[in-house]
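Structure first, commentary second.
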Amino acid sequence: MSSDQVLSLNQIVNPYTKFGNTQPCKHWGFVVKVDQCLGCDACVAACTLENQTPFWEGLFRTHVEDLELGEYPNTQRVFVPRLCMQCENPPCYYVCPTGATQIVDGGIVVVDEYKCMGCLYCVEACPYGARYFYTYEGIQKAKEVYGPNAIHTVPHVDKCTFCYGTAPDGTYTPACVRTCPGGARVFGCLDDPNSEVSILVNTGQAVVLNPQLNVQPKVFYVFNRQLGRYNVNGNGGDNS
Amino acid sequence: MKRSTIGLLIWTIVFIIIGGGILFYGMSYNPMAWANGLVTFTEPNDEPIPWGLLVIGYMFFGVIGTGVSTYNSLYEVFNKNHKDKNPFKSISLRNEWLALAVLIPGWIMVFASTYKPGYAVYIYTSFRATSRIAWNGVLYLLVGLGIIISIILLIYEERMRQNKSSFASKVATAAIFAAGYAILAEVILDANLGSVFGYLSTWVQEFGPFMSLLFVILSFYGGIAMISFITPIYNVFKKPAGEAAKADPHSEMYKILARDGVLATIAVGFLMLWWMWLTATNQETWPWANLLLFGPYNKIFWVGVVLVGIIIPLVLYGIAYNKPYGGSLITASIFSLLGMFTIISLADLIPQSITWYYTISPISPAGSNWVYELRSIFNNGPLWSFLSFKIPFYDTVWFLGSALFLLGVYTLGVLILPLEEDEKAKHWIFK
């Protein structure tokens with residue numbers, strides 16, 4: 001199946017993909033407002049349907065981490081949505097030996113499933129654990145689950161692409177953003193100073209995870225809630 | 001046909017049939033489907049550690065194969081004008097064949113470690129210069145070519161010498177150039193293999209440049225061990241009947257192997273010490289050193305690396321140097337090879353075993369000190385969690401099949417190529 005066919009199929013399956021952003025952009029950005037995340041996993045479900053991830057293996061392009069901080073009665077629960085950071089300086093791109101991992105319009109990192117040889121170097125290199133392998137078994141199962149609308153046809157490494165390609169003219173909003181009931185996920189153009197993502201980033205409210213790695217993620221996090229100071233036991237070591 | 005030749009022929013067939021059969025089983029009896037990733041018998045996707053035994057295996061055999069050739073070729077090149085002083089003169093060609101035979105399982109495991117081996121062609125058609133694995137694909141080819149050219153030229157040189165041809169000196173010069181080229185390509189390949197681990201910007205604990213150096217030194221360590229393992233065994237089988245009680249004519253060669261074994265082991269020991277020192281005294285990497293020195297991997301480190309890989313080989317090589325004897329050399333080499341396997345395994349496993357907690361930007365949101373609070377919590381909490389490592393059945397099948405194939409390829413070379421000194425070429429293009 002050619003990529004054009006995949007795109008046209010996606011348009012049939014997902015008629016709402018043109019909802020949202022209407023301008024092309026060189027640097028798409030994503031902001032997660034952690035305090036507005038309810039932990040409902042609607043984003044995970046939406047992404048699963050949009051991108052046909054192998055949910056039966058527990059593999060998703062996005063997931064929500066459920067952090068429990070502190071000890072009873074002084075506890076606090078935080079939901080941290082996670083997805084590919086679409087790094088400006090992506091380690092996964094540099095290590096890919098076959099050129100399957102590519103940076104496309106808008107600075108989005110995608111995988112050409114027809115070039116991926118499955119060496120998993122990118123899985124190793126990604127500091128955020130955002131990649132997984134879509135196995136042959138997974139592909140077979142996907143054909144059963146999604147029928148003739150299945151978009152994944154060969155085994156490959158899979159990852160979040162901000163739903164890239166779901167609208168061929170570049171006008172789209174990721175499925176997780178459209179679905180989030182709490183408005184915790186914000187998507188927009190970082191080049192546009194008036195976009196919400198730009199304002200959150202430029203005012204210093206939004207920060208990145210692991211900035212010391214210098215991979216320059218384009219997914220930012222906003223934490224407005226004051227967390228209490230908790231004494232967590234342990235001084236380094238195995239917590240399994 | 002001699003009885004020993006018939007025996008060797010049978011063993012060759014057995015090794016190749018059994019090894020090849022196991023590999024065929026590993027392909028689910030369908031090589032085309034396997035090459036395209038369309039078989040179910042691959043590594044399970046739910047394993048927390050993506051790079052397992054096959055990645056360790058291709059590093060292990062790749063480093064040993066290049067080491068055998070580099071070590072052998074160095075003696076060849078630096079004794080160019082006085083060949084009689086080359087202690088490995090009589091086994092030079094056999095060593096080169098050994099290097100090629102050892103590289104073959106490495107090549108097999110490189111492909112087997114990927115889900116879609118046939119797609120490796122894209123390494124060459126859309127080469128990405130920043131990828132260490134892409135360079136591995138190129139360097140493995142260049143090394144293989146170098147060794148094959150060296151073997152052919154060494155055989156022709158011997159043939160010209162026997163025929164007293166005027167071209168003998170020119171072929172000898174070409175053989176030296178080929179050996180020099182092979183050394184260069186092999187050292188770069190070893191450094192690149194180390195870089196596969198070290199290059200990853202997110203694996204700070206691996207220290208990229210350091211891993212390259214470690215792997216180059218390991219190639220000498222493993223190469224010497226492999227020659228020390230094979231040569232005495234080969235000599236025992238080749239020794240004419242009734243000569244068992246006589247003095248071993250190869251004692252000088254054994255002594256040099258033992259001496260170089262001691263030096264290589266000291267070098268590896270120093271590098272391991274330095275690796276631990278750097279890692280343990282770095283704020284970012286100390287948990288990793290802690291994992292090896294005192295944590296769940298401490299037994300593997302202290303027993304597998306320090307005792308088996310460094311202390312025991314050092315003692316045994318020392319004994320073999322003082323009293324050149326094949327038995328102690330073989331025993332030392334077995335411990336060295338085990339130690340090297342452990343070192344490469346740890347270099348592969350440890351970074352995958354640790355899931356690091358995330359830190360966030362030191363920029364504090366306006367009107368909040370949340371960032372500092374979070375950092376405080378993370379700093380007091382565990383810095384890593386330990387993931388389990390299992391060897392899937394698929395990996396075991398491919399490792400075993402490749403190793404048996406190695407033996408078959410080696411004995412096949414002994415059968416068809418004139419690897420012995422003064423042996424006349426009998427087969428194929430060398431006749």
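Here the structure is a predicted model, which is why all the values come from computation and not from measurement. Just so we're on the same page: letters track the sequence lines, and every chain starts at 1.
- Within a 6.0 Å sphere centred on CH2 of B:W398, other residues, nucleotides and ligands contribute more than 12 heavy atoms.
- B:F127 is not listed as a side-chain neighbour of A:T98, based on a closest heavy-atom distance of 4.5 Å or more.
- Side-chain contact check for A:V157 versus B:Y115: every heavy-atom pair is 4.5 Å or farther apart.
- Taking 4.5 Å as the limit, some side-chain heavy atom of A:L120 sits within range of a side-chain heavy atom of B:W51.
- Between B:I123 and A:M117, some side-chain heavy-atom pair lies under the 4.5 Å cut-off.
- Here the closest non-hydrogen pair linking B:A134 and A:P97 is N-CB, 3.5 Å.
- Across all their heavy atoms, B:G37 and A:P155 have their closest contact at O-CG, 3.3 Å.
- At least one donor-acceptor pair under 3.5 Å links the side chain of B:S131 to the backbone N or O of A:V95.
- Interface residue A:Y93: backbone and side-chain heavy atoms are both found under 4.5 Å from chain B.
- Interatomic distance, B:N136 CG to A:Y121 OH, rounded to the nearest 0.5 Å: 8.0 Å.
- When each of B:L38, B:T125, B:V121 is scored by its heavy-atom pairs under 4.5 Å with chain A, the top score falls to B:L38.
- Put simply, of A:A100, A:G58, A:A206, A:G118, the one with the most heavy-atom pairs under 4.5 Å next to chain B is A:G118.
- Remark: the backbone N or O of B:N36 is not paired with any side-chain donor or acceptor of A:Y136 at under 3.5 angstrom.
- A cation-pi arrangement is absent between B:R132 and A:Y94, since the terminal nitrogen or guanidinium carbon is not both under 6.0 Å from the aromatic centre and inside a 45° cone about the axis.
- Within 6.0 Å of atom OH in A:Y146, more than 12 heavy atoms from other residues, nucleotides or ligands are found, so the atom counts as buried in its surroundings.
- Annotation for B:W277: atom CH2 does not count as buried by contact number, only 12 or fewer foreign heavy atoms lying within 6.0 Å.
- Between the side chain of B:K116 and the main chain of A:H156, no donor-acceptor pair closer than 3.5 Å is present.
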